[in-house]
Amino acid sequence: MANSIAAVEHGAVRVDAALAGMGAGAGNTPLEVFIAAIDVMGWENHTDLFGLMDAADDLRQALQDRPVQIDRETLTLGYAGVYSSFLRHAEKAAATYGLDARSILVEVGRRRMVGGQEE
């Protein structure tokens, strides 16, 4: 989020943001957090902050069984240079074959595999 604020301060006119961080990857600025921060900074915007907060919490809980967070597996995605769509597949394969999902993700990165959209 700090990068998004700095980018706007230096002339960017668009921010890649996603409600509750539910974008394509970890680089998406959480929209509700960004709006709260720029409100505190006094930047003019015409956004219903509490509506965004409600939607982020209420919709995320209904749609997402794995919270957006940095944990050992999601950190490994970045470490291995692997697209986030591999995470669920690696976790499923790890559970099926008794492996560590991180080992699978690192191997996928070593092979420079490219993922398509979701399935």
Side-chain angles (χ1 to χ4, degrees):
M1 193 201 56
N3 289 338
S4 296
I5 289 174
V8 172
E9 289 176 332
H10 287 88
V13 295
R14 291 193 178 146
V15 172
D16 189 5
L19 190 64
M22 291 182 66
N28 296 106
T29 297
L31 181 59
E32 66 282 8
V33 178
F34 180 76
I35 295 300
I38 67 170
D39 270 356
V40 169
M41 295 172 65
W43 293 7
E44 183 179 346
N45 68 84
H46 303 282
T47 307
D48 176 3
L49 175 59
F50 287 178
L52 285 176
M53 289 176 176
D54 292 344
D57 281 2
D58 297 344
L59 295 175
R60 174 182 46 214
Q61 289 176 359
L63 296 173
Q64 193 176 39
D65 61 349
R66 189 181 207 288
V68 175
Q69 64 185 12
I70 298 175
D71 58 20
R72 68 184 128 223
E73 290 83 15
T74 58
L75 181 57
T76 302
L77 288 170
Y79 172 77
V82 176
Y83 189 67
S84 60
S85 66
F86 284 106
L87 180 58
R88 293 298 181 127
H89 300 293
E91 288 176 332
K92 183 178 178 184
T96 299
Y97 300 106
L99 302 170
D100 186 329
R102 295 172 293 180
S103 298
I104 296 169
L105 293 169
V106 168
E107 182 61 21
V108 166
R110 189 188 68 73
R111 294 181 185 203
R112 298 180 182 260
M113 296 182 77
V114 177
Q117 279 299 84
E118 303 312 320
E119 300 298 321

Legend entry - Verify same cluster id: Val8, Val40 (apolar side-chain graph, 4.5 Å): no
Partners of [X] by side-chain hydrogen bond (donor to acceptor under 3.5 Å, both in side chains), sequence neighbours excluded?
X      : result
Arg111 : Glu107
Asp58  : none
Thr47  : Asn45

Please report the shortest heavy-atom distance between [X] and [Y], naming the atom on each side.
X     : Y     : result
Leu87 : Glu73 : CD1-CB, 3.7 Å
Ala17 : Leu31 : CB-CD1, 4.0 Å
Tyr83 : Leu77 : O-CD2, 3.8 Å
Thr29 : Met1  : CG2-CG, 3.7 Å

With rounding to the nearest 0.5 Å, note down the distance linking [atom1] in [X] to [atom2] in [Y].
X     : Y      : atom1 : atom2 : value
Asp57 : Leu52  : CG    : CG    : 11.0 Å
Asp16 : Asn3   : CG    : CG    : 12.0 Å
Trp43 : Ile35  : CH2   : CD1   : 10.0 Å
Thr76 : Ile104 : OG1   : CD1   : 11.5 Å

Distance-only donor-acceptor hits, side chain of residues 90-101, under 3.5 Å, sequence neighbours excluded:
{"from": "Glu91", "atom 1": "OE2", "to": "Arg66", "atom 2": "NE", "distance (Å)": "3.1"}
{"from": "Glu91", "atom 1": "OE2", "to": "Arg66", "atom 2": "NH2", "distance (Å)": "2.8"}
{"from": "Thr96", "atom 1": "OG1", "to": "Lys92", "atom 2": "O", "distance (Å)": "2.9"}
{"from": "Asp100", "atom 1": "OD1", "to": "Arg102", "atom 2": "N", "distance (Å)": "2.8"}
{"from": "Asp100", "atom 1": "OD1", "to": "Arg102", "atom 2": "NE", "distance (Å)": "3.1"}
{"from": "Asp100", "atom 1": "OD2", "to": "Arg102", "atom 2": "NE", "distance (Å)": "3.2"}
{"from": "Asp100", "atom 1": "OD2", "to": "Arg102", "atom 2": "NH2", "distance (Å)": "2.7"}

Legend entry - Pairs satisfying salt bridge (Lys or Arg N to Asp or Glu O under 4.0 Å), at least one member in residues 36-56, at least two apart: none
Inset, instruction - Dump the intermediate steps for side chain to side chain contact (heavy atoms under 4.5 Å, CB included) on Met41 and Ile5, then the final yes or no. - result: CA-CA 10 Å; Met41 295 172 65; Ile5 289 174; 3.8 Å; yes
Legend entry - Linked hydrophobic residues, Tyr79 as query - side chain contacts closer than 4.5 Å: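 Other cluster members: Val106.
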